[in-house]
Every structure is written in C-alpha cells, then in structure tokens.
Student: 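After the structure tokens below, expect a handful of questions from me.
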Amino acid sequence: MHKKFDSSAIEKKWQEIWEEEGIYNVGARDTSKEKEYVLIEFPYPSGNLHIGHWYTYAVPDIYVRYQRMNGKQVLFPMGFDAFGLPAENAAIKRGLDPKGWTNDNIAYMKNQLKSMGNAFSWDKTTSSTDPEYYKWTQWMFTQFFENGIAYRGKGVVNWCPGCNTVIANEQVVAGKDGDECERCGHKIEKKEMPQWMLKITEYADRLVDDLDEIDWPEHIKEAQRQWIGRSKGAEIDFKLNLPTYSGQVLFASNNKGKLARMRKLVAETSLDITLISLEEAGITDTEVVEDENDLALNAKKKALHFAKQTDLPVLADDTGFFVAGEELDPVTVKRNALAGIDEKTLTIEEVGEKMVVYYAEIAKKHGGEVEAEWKNALCLVMDGQVYMSEGVRPVILTDEAVGNYDPYLPVRALYKAKATGKHALTHNEEEELMELQPITDAIERVFEPKVTVFTTRPDTLYGATYMVLAPEHALVEKNKDRIENWSEVEAYIKQTKQKDEQDRLDNTKEKTGVKLEGIMATNPASGEEIPVYIADYVLGGYGTGAIMAVPAHDERDFAFSYKYKISKPKEVINIQKEINEKVLNRGNGVGVVHWDPEMIQITDLNTGKILGFKYRLGDVSCHTCYGKLINSAEFDGMNSEEAKLAITEKVGGRMTNTYRLRDWSIGRQRYWGVPIPIVYDSSGKAHVVPKEHLPWTLPEDVDFTPTGEPPLAKSEALKKRTEEIFGKGWTPEVETMDTFVDSSWYFLRYLDNKNDDELSSLERQKEWMPIDLYFGGAEHTTMHLLYSRFWQKALYDLELVTEKEPYKRRVNRGLILGPDGNKMSKSKGNVIDPDEQVARVGADTVKMYLAFMGPYEGANYPFDLGGIAGIRRFLERVYGLDDHVKDEEDEKTTKLLHKTIKKVREDIENYKFNTAISAMMVFVNHTEKSGLTKDSYLAFLRLMAPFAPHVTDELWRPEGKGQSVHIDSYPVADEKLMVDDEVTLGVQINGKLRGQVTISPTASEEEARKAVESNEDLQKHLADKEIVKFIYVPKRIVNIVVK
RNA sequence: GCCGAGGUGGUGGAAUCGGUAGACACGAAGGACUUAAAAUCCUUUGCCUAUUUAUACGGCGUGCGGGUUCAAUUCCCGCCCUCGGCACCA
C-alpha cells in the first residue's frame, strides 16, 4: 500500500462537499420513489456527544443509506429535545441563562453530529425549545383541555425534595428505604396538590388492543401490556347495614322541567330526600364536556364534576342512567327497550334515530302525525316519514323498511311540518311510555347503602366470607359515628398514611388490618352477613378501593383470614381435571408471621399446563384454580368462565376492566419547560390562552433558586402580560410541562417544520406517516413509547393526524459499555470520548466498529480499543484495494462478490450489521490475493458505501463521473452468478465426521456413494463394515450407518 | 416468586426450516522486514492425549443431567447460573 490513508482530511473534505451539494436534504416528497421514514430518538443537548449517541445515530445511518441507494426517498431527520433539568441546574449552580446555555450546546453538538457524516435530513430539523415548536405543543394542550383530555386533577403526588418538583409515578424507582427519584435519588415524599393531568387511562384499551396492529418485537409489546395492566373483572355491590341517606341531594341540572319531573319521580320512592338544582346550590361552574357516544359516561361525568363542588350527594342522569356520586346504575327504561335501544353500544345519533322511529310507530297507531323533541334535534313524522334537524341524519320510514337516507330533506321538511302544525307528543304521553317503576327502583338503588368491589373472580362470589376496604375509602371516615372501635380504626388509618405505596405493597411484611365493628355487609349472592375490615394491602387508587375476600381461592385472603381467624375458607370451585400436585418450597412470604403453609403447584396431567397453586395448613386449604362451581346454589356444576358472567348478572354487577396505568401528570414546578397555556379569571376558573396569543412564551425575568414555589410565579413580566391581555385580576398558570410532552409529537413537526398555520399539515402526514422504523433505547419502552402513542391517538380523535399508530416498526438497541464491561461513568474512569476516537481513527472506523460489535438489536457490548484498530486496518486495506484491480478475475471471485452482495443485503435488513461487515472482510481477504476487475471493485465500493460513506466516496468519485456514490444504486446479486458447480460435503460415519468429499451440488445419491467409496481415508473406516444405511442430503451432508 | 432475554474458545461474536461448531475480528505465540521499535506481511491458535515438533490419527467439546434422531448449539423434559423487567393489582 503506497497511498497514505488520511482519514481526517478525507472526512472533512467530503462532509463539506456533501453539505454544499445538499445531497441529504429531502425537500418535497418525490412520489416517483417509495417513501421510508426512519426515526431515531432526538438527543437532549447536554453539551457533548458521547459514544452512546454514536451508537444511536451512526449505526442506523447504515440502514438509511442502504434504503436511499435502493431508490427510496428516505426521511432521516434530527433535532433536539432541549427542555429539561440540566439547563435549569446550570442556571442555579453557575448563574447561566438556560436559553443561552441550551443554544450554545445545540450549536456545538450540531457540529459534532456533522462529524459523524450521517445522511441526516437537516432541512427538516427542529428543536422543542424553539417558540415555533412549543407554540404547537401549547396549542395541542389547549385542544386537549377543551376536549376533556387535559384536566386539573387533585391528588397525592410524588414530591421530590431534590428536584423540588413533582415527578410521575413512572419516574419513581424503588430505593433501599422507600421510593427514590429516578433522576436525583432523593427519597420521595407524598404530597397532595392540584395537578395538570392527561387522561391516558381513557385510552388504555386502545393502547393495548392496537398493539396487535403494529410490527414490534413481542417483548416490547408485552412490556407495554404489563405496564397498562388491564384486568378483566366485575364490579359488584355489597349492601351495608347502614341507614339510607336522607336530606338534600344535588340534582345535576338547571333544567326546571327536568327537575320538576325528577322531583315527581323521587316522591314515588320511599326515599326521604329533597332535590335541589345547581342554581339553588349556588354552583356556577356548570360546563361539563360530554362524550357524544357514551351515555353512561356522560351521567358519570356530570356526577363527578359536581361532586367536587359540593358535600351533598349528587344525582345525575342521562337517558336511562342514574348516578349518585361515582356509582353508576343503568336502567333500561321501557321506552328505550321498546325502541330497541341498547345503551352500551349505540351512539347518540343512533339512539335518536331509533327513538324517532319508535315515535313514528306510535303516531301511525294513532293514525296521526306526531311532532316530538328529542335532545337537540327536532324530529317529526309525516306521512309515515320521519325527519330530524341539526345535522342528524333523517330517517325515512316506509311500510317495509327503515333505513334509506336523504341528506337534503331535514331543513325543508322541518318548515313544512311546522306549517302543518300537527299534534305534538306531550310530556304526559311520553311518561306513559316510560313506565315509572324501573326508574324509581333505580333511584332507590342508587341511594342504597352499599360498597362496590372490583374482582377478577366473580365466579367465587359465593365463597366471599368477608370484605376488605382500603383505609382511605371514603365510606370509612363518613361512618365514623357508627364504627364502634373508631379510635382503633383511626389509629390504623393514621399509621397507613405514613407508609408510602412501596411499603404497603411489600410482600415480605406482615399483613395488617382492623375490623370495622358495627358494620356488616351482605354477600349479594348467598345473602349471608359478612364482616368488613380495613387493611393497607388494599389500595385506594386501584379498582374500587374495596375487595371481596375469598379465603378458599385467594392466597392473600387466605393469609389474612387465617391471621385474624375470620372464617373458615368456603370452597366454591372444584377442580375436575386430571391433575398433578407438586409440593414446592415451604413458606412463600405472603406476609403473615408464623404462617408457613405447604405450597403445591397444580398441573393438568394431560396438557402439562399450570392450573394454579394450592396452600395447605392443617385442615384448611386454598387453591387458585378455575374449575366447576360447588356450594353456589343454582350455579353448581357451571364452569368458572361461564359463571363469571352469570353470577355478575344475577347480582346486578357490571363486567368491567380496571388498569394499573394511571393518568399522566404533566405539570412541573420548573422553569425550563413549555409554559402551560392556561390563565385564571378572578374567580379562579381556568381558561386556555387563545391561539392568537401563542406561543405563550417563557418569561426571562425569573429567579431560579428553588424555594418550593414555581419559578414562573416570580415573573412580573408574565403577570403583566396576563393582565394586559385578559384584564385585571387574571393570573397565569405558573407550571411548565413534562418534557415527555415535547417528545410525544416531534416526529410530526419534522415533516412540516416551517408551517406557521398548523402543527403539521395532513398533506405532509399523508406523504410520510407512519414512521416505518423507529430505532431507540430499551429505557423508553414503557414511558416515551407509550406516551407518544397516546398523544397520537388523542390527536387522531381530534382529526389532527392521519394515523392511529405512529410507529410501524421498532428496534431497541443495547448499551455500549466501557472497556472493562461496566456501564461508562466518569467515576469509573472508563468513558470513551467519541471525538478522541474520531480524531485517532476516523468517523468511518468508529461507525463501522460500533456496527461490528454484535447484532444491533438487544445486547450490550464493551468498547474494545483493540477491536476498533482492527476495523481501521480493514479500511486501510480497502483504501489500497485498487492496487489489486486487473482486467480479468476468476470465476470464484465473481461468485464470491455476488454471494457477498446477497449476504450484506439480507443482514442490513435484519439489523445484523456485524455479519454484513464480516462478509465484506472475507471478500477483501480473498481479492487481495486473487485480484478483481474494475466492475467488481466498483460494485464493492457501492456495497460498502453505507458503512464507510467518506472513504467510499473518496474512492468512487474519480470513477463515477464526479457523482457521489451515495446517490448511486445499491448492487444487486445475480443469482445465476452464484451457482456453485461443486460443493464439499462432510462425511459422517455413525454420526462422527470422518472425512470430506467434493461433488456436484446436483449429484445423485449414487454419485455421492461413488465419491465416498473412492476416498481412501473414508475407505479405512468402512473396511470390514456392513453399510446399514446411507444418508445423503444434497449440498449438506453424507452420513453412513455401519455395523 | 412471576414474566422476558440469554449461557458457544483467552475476548466480542458466527453458525439455529437439525446437517462439516468456532465465520469475521481482537488478543496471544512464532517468523519476515528493520540498527532497533512501530507499522506492515506470513504462519499458528477450542481443549486433551500420543509421538518423530511435523503431521496425520484418536478422544472430548456449545451451562449441567436425561430424551428424540442416521445426525442436536438448534427440538423435548428436568435442573443450575447471568442479565433485564414486575412485584400483595383484588
């Protein structure tokens, strides 16, 4: 090798030329090419690129360049996720300006990133701190607020004294003694405060179900499913021996007619209550965002909204649903039933249509025409035809069928109907159709003293012999006068409050609890009276905060019941399969001292499947299997699965899901983030900052010293701005948003990064979404990936995006460890500085070495300084490979080239860059000896271009008429040139390798046999032996069985 | 405890529709070149045994123990270990 390989000079030269030529800018969508959107997680501009960034960005660049050379238009954008704590900490510690500090870092890191030589689409870049970016972050928040997705919640939050801020549950990690902050390691305190929340829980089902539609590795999907933690079960009401409520009840309406009617209904009941209207209760905040499709949810929303504003019980209703507090009681009114309305599944439009059709039938029966009002739509029926106003689809009713629609009819028809002025359906007539009894019954039920439990095993209801409430359950405090041992109960509640959730859920600790003396519940199935306990292992925030305890079929209930000698387990499930019992370790730590049961695993003999576990102690036992019911009255003999539904139905329960996932708390008491675009009027009511005032910029006159008060509260400029725009007495929200919000939509902004009118136009989204491939770190599996999926779905519902799911495919990469095999850290002194490596061996070498360490997906690899030298040597040899170019090459070399092309292509598509590189090394090792033609040499340069973009362009340009190799095509293997005319097979005798034969790949068994027989070495082994069997698998193996 | 991933030379790793285990690279050893070193090039390199130190032969080898098969790193059963996640979720 005579040329000197000066990687620094080469790399600098080509980076400048590429930038000048702009060959990596994407520009407008070119529809003559297939699109490919490759996304990498954008970095936080900490100030310096580390080797992990290289692994994150430089290796996927191989895939990007490969797709570009395959003729696709590839979008590979890069930006900065630049809000966050480090900037603010720098401000606190060193008195720097967070904005300046961040911008300096961005500028510096941009240069470092350019030294990578990646094919980034820099023309599409963005930064989350750019006001033109966060303007849209804020605008989306206002849309979420107006649609009930963002709300001001109240609740217990994790307060980190280190960061002086609230952190989300997901950001809390388990430490040695209790919860710790993921970022700073301080112990977390529980604090109650108002919080801005996003309703991710409302999307829980879709977040689980839509996983089936995307092509992600199964383990990542599974992690998300577990995080969401959906469990299917039932809510069941247990009556309590408490007196029925009497006194005032708030009715969630100001509609006088409705109130009068409801009062009349209440009078029909045995209840001693008085309904008062919202106005009478002095409630002014009456805006409730209703869901258009879910009637039950509407009633519940109303009830919840007003329950927060009063101490009175609240009664709300909506088309057949009656709600008090949070407890829902659906009633199928006769009218609805006759009209064929199933409240659970129909939209409001569909209900309206059915209702009108039903009225039409009545009208026909009376031989007349009926005019009726339903919801906001005026519906009318004439000549057997039904019309509805206000955008509701008209229904044309004929004698035979219902269901032909004419969109032009309603308005015209409405005037016509009014002109005819025919008979209208009166309230009295309507009431007749409603049948009062079910409604009054429902209202009575709503006020019945009861507690609702959530259970995944309603099939074991007959075995429920006591109940347990969370100590913080509202019912406990409310009934303190009736609880005979209140002082003991109160002490226990106090003790619970001191524990954080981690303590309460610690299964090595003994379970504790207290009986509520004087309160009894009734098992709704068996009718038995059962005692009620409180215990801290039942959590207020999960399910309904109350459980039914089935000691015969739940391990924890068995333990608790054994400790407090509550009741003998009542077995209601019988396992009828052929089972196998295997005794496991003794003692399983469910938290009762001296409780050391025999633990037995129960397996199905036929399938080998684990059915459940059995715990035995003396003459009592508990098992968790499914089976056939016993001791369950009319359900005896039924299967568990069937019985779940049947029993729930019998006792008036509701099948429902419950989730581990909690709403996303996005408010931060911090400065360096997106200001939440909310202002409060003088009465304290929240209003969004209208679009014309966005971006609602971050003020700069702020003192960062953490005092527990949010920094923005100290800004005079923000106060002044708010009063100037909105008026005197108005105050700004002083919280900023979690940075996970910024990263929930950046991939949309890349597409349309200069758009002043929209966050990202639907046209651009149609061109580029969904993201074809998202490379990222495993640490984002449950947080960023779940939040951004939720964000996309919320936008989808507002018709702001085109896709339900943002990411089609996802690849999780591993970590680069220090040379000692440990995680890199300054304290361990094992940090590899990428700039230093680039200066030493060049960017191409660093990139290729990172790709060569192992498969990209999954594992962690130690950085080896010897290993990187090997790659540098390889590149030097490639640099000198043109010395071996000659006019002719042998057939073997041509074959090897095509085999290498095929292998490299396959490997890139499977993210196995390591074996692709090794195949290219084999090719170079071979051709250095054999020589190769110019054509083969150039094909090889193109093959290697994605891996070592600088050196290949250096070698290519003089040959490529001045055009970059990176806009050329990727070589394609010619199958015809890969066919081998002979192949060497291993020959085994009795399964042991004894020699080799070289034959044609299409050789017959007979030919193979001849080849073996003519081989002297093999003959030695075969002499005096009888060949029992001769196995020949073409192109694979020969195996001879001898005696 | 449960769930997931994994366990292959001194090291990173390769080979799994069952078909010559250890590709490629690092490291190590020897040699060439050099005054010398570096760089480069050549050779050797899973372990064991034997001998003529060069070569063939033999044995053992993919965490451990079984099984299926002509043939198992690959499939099945049991166990051990490592890493990651979750942890009384009713």
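In what follows, every chain begins at residue 1, and chains take the letters A, B, ... in the order their sequences are listed.
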Student: Got a salt bridge between A:Glu876 and A:Arg873, using NZ or NE/NH1/NH2 to carboxylate O under 4.0 Å?
Tutor: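 Not counted as a salt bridge, because no side-chain N and carboxylate O are separated by less than 4.0 Å.
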Student: Taking NE2 from A:His219 and C1' from B:G4, how many angstroms apart are they, rounded to a whole number?
Tutor: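 Taking NE2 of A:His219 and C1' of B:G4, I get 8 Å after rounding.
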Student: So does A:Arg660 get a side-chain nitrogen or oxygen closer than 4.0 Å to the phosphate oxygens (OP1/OP2) of B:A87?
Tutor: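 Looking at the OP1 and OP2 atoms of B:A87, one of them is under 4.0 Å from a side-chain N or O of A:Arg660.
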Student: Can you list every pair that meets side chain to side chain donor-acceptor pair (under 3.5 Å) and has a residue in residues 989-1003 of chain A, with sequence neighbours left out?
Tutor: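 As it turns out, the side chain to side chain donor-acceptor pair (under 3.5 Å) pairs with a partner in residues 989-1003 of chain A, which skip direct neighbours, are A:Thr984-A:Thr998, A:Ser1000-A:Thr1002.
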Student: When the C1' atoms of B:C83 and B:U68 are considered, how many whole Å apart are they?
Tutor: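 Nearest-Å result for B:C83 against B:U68 at atom C1': 31 Å.
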Student: If I take atom CD in residue A:Glu555 and atom P in nucleotide B:A90, what distance separates them, rounded to the nearest angstrom?
Tutor: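 Atom-to-atom, A:Glu555 to B:A90, this comes out as 13 Å.
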Student: Can you check the distance between B:G84 and B:G30, where both ends of the measurement are the C1' atom (answer in whole Å)?
Tutor: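 44 Å, rounded to whole Å.
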Student: With sequence neighbours left out, what residues match A:Tyr533 under ring pair (Phe, Tyr, Trp, His ring centres under 6.0 Å)?
Tutor: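 Testing A:Tyr533 for ring pair (Phe, Tyr, Trp, His ring centres under 6.0 Å), a comparison that skips the adjacent residues, returns A:Tyr466, A:Phe560.
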Student: Scan for salt bridge (Lys or Arg N to Asp or Glu O under 4.0 Å) pairs involving residues 453-465 of chain A, sequence neighbours excluded, and state none if there are none.
Tutor: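 Passing the test, one end in residues 453-465 of chain A: A:Arg457-A:Asp459.
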Student: Using the C1' atom in both, what is the distance from B:C86 to B:G27, to the nearest Å?
Tutor: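 Straight-line distance between the two C1' atoms is 40 Å.
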Student: By nearest atom, which of the nucleotides B:G12, B:A90, B:U20 is closest to the A:Leu539 side chain?
Tutor: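 Per side-chain heavy atoms of A:Leu539, the pick is B:A90.
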Student: Report the glycosidic orientation of B:G9: syn if within 90° of 0, anti in every other case.
Tutor: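 That one's syn.
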Student: Any side-chain N or O of A:Tyr542 under 4.0 Å from OP1/OP2 of B:A90?
Tutor: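 Yes, such a contact exists.
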Student: Starting the side chain at C-beta, find the nucleotide from B:C26, B:A25, B:C60 nearest to A:Arg873.
Tutor: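 Looking only at side-chain atoms, A:Arg873 lies closest to B:C26.
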Student: Rounded off to whole Å, could you give me the CG-to-C1' distance for the A:Asn910 and B:U16 pair?
Tutor: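 Roughly 14 Å, once rounded to whole Å.
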Student: Without decimals, in angstroms, what is the distance between A:Phe913 CZ and B:C24 C1'?
Tutor: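 It works out to 17 Å between those atoms.
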Student: OP1 or OP2 of B:A23 versus the side-chain N and O atoms of A:Asn914: is any pair under 4.0 Å?
Tutor: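 Negative; the distance criterion is not met.
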Student: By the 4.0 Å heavy-atom rule, please label A:Phe852 as base, sugar-phosphate, or nothing.
Tutor: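 Here A:Phe852 touches the bases of the nucleic acid.
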Student: Check A:Tyr849 against A:Pro862 and note the closest heavy-atom contact, atom names and distance.
Tutor: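 Closest approach of A:Tyr849 to A:Pro862, heavy atoms only: OH-O, 3.9 Å.
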Student: Is there a side-chain polar atom (N or O) of A:Asn860 under 4.0 Å from OP1 or OP2 of B:C83?
Tutor: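 So the side chain of A:Asn860 is outside the cut-off, no N or O lying under 4.0 Å from OP1 or OP2 of B:C83.
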Student: So, A:Asp907 and A:Lys902, do they make that salt bridge, N to O below 4.0 Å?
Tutor: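 No, this pair does not count.
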Student: By the 4.0 Å heavy-atom rule, please label A:Thr658 as base, sugar-phosphate, or nothing.
Tutor: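 If one applies the 4.0 Å heavy-atom cut-off, A:Thr658 turns out to touch nothing in the nucleic acid.
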Student: Rounded to whole angstrom, note down the C1' distance from B:C24 over to B:A15.
Tutor: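 Looking at atom C1' only, B:C24 and B:A15 are 12 Å apart.
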Student: Take atom OH of A:Tyr849 and atom P of B:G12, then tell me their distance rounded to the nearest Å.
Tutor: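 Computing the A:Tyr849:OH to B:G12:P distance gives 11 Å.
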Student: How is A:Gly870 classified with respect to the nucleic acid when contacts are heavy atoms under 4.0 Å: base, sugar-phosphate, or nothing?
Tutor: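 Sugar-phosphate, no base atom in range.
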Student: If you check the A:Lys992 side chain, which of B:C60, B:C24, B:G12 turns out closest?
Tutor: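 The answer is B:C60.
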Student: Using OP1 and OP2 only, check whether a side-chain N or O of A:Arg1036 sits under 4.0 Å from B:A71.
Tutor: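 No, no such contact exists.
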Student: List in chain and number order the residues that pass ring pair (Phe, Tyr, Trp, His ring centres under 6.0 Å) with A:His473, two or more places apart in sequence or in another chain; answer none if no residue qualifies.
Tutor: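 With sequence neighbours excluded, A:His473 shows a ring pair (Phe, Tyr, Trp, His ring centres under 6.0 Å) to no residue whatsoever.
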Student: When the C1' atoms of B:A23 and B:G46 are considered, how many whole Å apart are they?
Tutor: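 Going atom to atom, C1' in each nucleotide, I get 14 Å.
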Student: Considering only side-chain heavy atoms of A:Ile1037, which listed nucleotide, B:C86, B:C24, B:U20, is closest?
Tutor: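 It is B:U20.
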Student: Considering every strand and a 4.0 Å limit on heavy-atom distances, what is the contact class for A:Arg994: base, sugar-phosphate, or nothing?
Tutor: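 Sugar-phosphate contact only.
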Student: Do A:Lys903 and A:Glu906 meet the salt-bridge criterion of a basic N to acidic O distance under 4.0 Å?
Tutor: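 Answer for the salt bridge query: no.
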Student: Expressed as a whole number of angstroms, how long is the span from A:Tyr861:OH to B:C83:C1'?
Tutor: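 Between C1' of B:C83 and OH of A:Tyr861: 14 Å.
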Student: How do A:Ile547 and A:Gln226 order along RNA chain B: which one's closest nucleotide is nearer the 5' end?
Tutor: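 Result of the comparison: A:Gln226.
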Student: Nearest whole Å is fine: how far is B:G12 P from A:Tyr55 OH?
Tutor: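 Computing the A:Tyr55:OH to B:G12:P distance gives 15 Å.
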Student: B:U20, B:C89, B:A14: which one has an atom nearest the side-chain heavy atoms of A:Arg556?
Tutor: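 The answer is B:C89, which lies nearest to the side chain.
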Student: Nearest to the side chain of A:Phe454, which nucleotide is it out of B:C24, B:C70, B:A90?
Tutor: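 Closest nucleotide to the A:Phe454 side chain: B:A90.
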Student: Could you pull out all residues at least two apart from A:Phe454 that satisfy ring pair (Phe, Tyr, Trp, His ring centres under 6.0 Å)?
Tutor: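 Checked A:Phe454 against ring pair (Phe, Tyr, Trp, His ring centres under 6.0 Å); zero matches.
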Student: Among the nucleotides B:C86, B:G19, B:G12, which one has an atom lying closest to any side-chain atom of A:Trp227?
Tutor: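 The answer is B:C86, which lies nearest to the side chain.
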Student: Would one find a side-chain N or O of A:Ser231 under 4.0 angstrom from OP1 or OP2 of B:A90?
Tutor: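 Yes.
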Student: Tell me which nucleotide among B:C41, B:C24, B:A15 gets nearest to the side chain of A:Thr915.
Tutor: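 Nearest listed nucleotide: B:A15.
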Student: Please pick, from B:G59, B:A90, B:C41, the nucleotide with the shortest atom-to-atom distance to any side-chain atom of A:Thr456.
Tutor: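 Selected nucleotide: B:A90.
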Student: Using whole Å, report how far CG of A:Asp864 lies from C1' of B:G10.
Tutor: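 After rounding, the reported distance stands at 12 Å.
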Student: Distance check, P atoms only: B:A39 and B:A28, in whole angstrom units.
Tutor: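 Comparing P positions in B:A39 and B:A28 gives a spacing of 10 Å.
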Student: Please measure how far the C1' atom in B:C70 lies from the corresponding atom in B:U51, and state the result in whole Å.
Tutor: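 Roughly 35 Å separates the two C1' atoms.
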Student: Looking only at the side chain of A:Ser918 (C-beta and beyond, no hydrogens), which of the listed nucleotides B:G12, B:A23, B:A25 gets closest?
Tutor: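 Closest nucleotide among those given: B:A23.
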Student: Please measure how far the P atom in B:A56 lies from the corresponding atom in B:G4, and state the result in whole Å.
Tutor: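 After rounding to an integer number of Å, I get 49 Å for this pair.
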Student: Does A:Asn990 or A:Val987 map to a spot on RNA chain B nearer the 5' end, using the closest nucleotide for each?
Tutor: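 Its nearest nucleotide lies further toward 5', so the answer is A:Val987.
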Student: Under 4.0 Å from OP1 or OP2 of B:C24: is there any side-chain N or O of A:Lys912 that close?
Tutor: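 Answer is no, no contact under 4.0 Å.
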Student: How does RNA chain B read in dot-bracket, base by base from 5' to 3', with Watson-Crick or G-U pairs under 3.5 Å and | used when the partner is on another strand?
Tutor: (((((((..(((......[....)))((((((.......))))))(((.........)))..(((((..]....))))))))))))....
Student: Could you tell me which non-hydrogen atom of A:Phe940 sits nearest to which non-hydrogen atom of A:Val924, and how far apart they are?
Tutor: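 Of all heavy-atom pairs spanning A:Phe940 and A:Val924, the closest is CZ-CG2, 3.5 Å.
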Student: Just to be sure I understand the rule, does A:Glu222 reach a base, reach only the sugar-phosphate, or reach nothing, if contact means heavy atoms closer than 4.0 Å?
Tutor: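 The residue A:Glu222 makes no contact with any strand.
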Student: Ring of A:Phe1030, cation from A:Arg1009 - is the NZ or CZ under 6.0 Å from the centre and inside 45° of the axis?
Tutor: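 Verdict for A:Phe1030: a cation-pi partner in A:Arg1009.
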